[in-house]
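All ligand and atom numbering here is 1-based and tracks the order in the structure.
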Amino acid sequence: MSAKIIDGKKVADITMNLLKEDVENWVKAGFRRPFLKVVQVGNDPASTTYIGAKTRACQRVGIDTDTAHLPDTVSAKELKEAIKSFNEDPTVDGILVQLPLPSHLSAHDVIESIDHKKDVDGFHPMNVGRLTVDQPTFKSCTPAGIFELFNYYSIPVKSKHAVVVGASNIVGSPMAIMLSRENASGKATTTICHKFTKDLTSHTISADILVVAAGQPNLIKAEMIKEGAVVIDVGINRVADETTDKGYKLVGDCDYDAIKQKASWITPVPGGVGPMTVAMLMKNTLLAAKKSIYPLD
Ligand code: NAD
């Protein structure tokens, strides 16, 4: 079997075009253009790249944005004061603090200091909690983007065995929550694996849907998956490659070429999950501007 390719770039393009129309209709109806405030602490090159992609996405769909750039020496108090000012600014619809933060800052504390009604990343405990009880919420962008891909390609999820490798707060855990909810989108029987899981293959081999978000290149090999599985590779890893101008290439967590011969569907890296994550950030920002998740009292 040769897997069908899940083209995240194509689906993200379609999604972004629809969002652009939505934004323009919102503005034509007399409302202010949505505004996303990005906060960058320090100069991590990967963060700068990700913020560049998010800024370009905003420009493309017609969302206003700017980046507050704080030095990597900023104190927790100073950072939270800056976030408080954005929380209180009625012209700011969404706030995104680019992770990772320097080690002296607690991501948990910083995320909790964002007004949950502006938490367009969907990382605030209020939004994660609402996800676990099927309440309207800002869904974490990467799992939300993966569900858009399932929908676009009519990949059935209900009653399947889904296995998620990786249990982070931003990808693996919300993905497993969304897959497992019986009265919401997923309805799958869900197993979650992490670095303490013994005998990873004994779990991955039984997956109808395998979502891998571990940040470990080549972690999942063809012999670890079931014939015909749907394989969603979330990993983005830089590996050295002297044949490229940059000296590296991006790969996922799966042995793509070998798994492609065995899976029924597979996401490439790049061009799979990544573009959908950015599209879902745009969607959440528009939802925030429209007060769709948290209506005004
Ligand atoms: P993280 O480091 O916070 O979490 C990694 C998770 O993987 C942990 O739960 C850990 O226990 C688990 N893990 C690590 N090694 C493992 C192993 N050998 N076996 C089983 N589990 C293992 O990472 P994250 O923020 O969740 O990101 C994961 C990957 O996804 C990274 O490569 C990241 O760059 C990528 N990512 C991609 C997107 C996207 O849009 N495509 C978005 C976010 C993150």
field: Identified side-chain contact (heavy atoms from CB on, under 4.5 Å) partner of Ile6 from the options Ile266, Ile232, Ile146, Asp233
entry: Ile232

Is there any protein N/O under 3.5 Å from an N/O of ligand 1, and what does the full list of such pairs look like?
residue, atom, partner, partner atom, Å
ligand 1, 9 (O), Ala167, N, 2.7
ligand 1, 11 (O), Lys195, N, 2.9
ligand 1, 21 (N), His194, O, 3.4
ligand 1, 21 (N), Lys195, N, 3.4
ligand 1, 26 (O), Ser168, OG, 2.5
ligand 1, 32 (O), Ile236, N, 3.0
ligand 1, 32 (O), Ile236, O, 3.3
ligand 1, 34 (O), Ile236, O, 3.4
ligand 1, 40 (O), Thr277, OG1, 2.6
ligand 1, 41 (N), Val234, O, 3.3

query: Is there a donor-acceptor contact under 3.5 Å linking the side chains of Tyr294 and Asn127?
result: yes

- line: Tightest non-hydrogen contact, residues Met175 and Val164, listed as CG-CG2, 4.2 Å

query: Using 4.0 Å as the upper bound for N to carboxylate O, is an ion pair formed by Asp64 and Arg32?
result: no

- prompt: Under the salt bridge (charged side-chain N to carboxylate O under 4.0 Å, His left out) test, which residues partner Lys37, sequence neighbours left out?
  reply: Asp66

task: Report the relative orientation of the aromatic rings in Tyr153 and Trp265; use parallel for angles under 30°, tilted for 30 to 60°, perpendicular for over 60°.
output: tilted

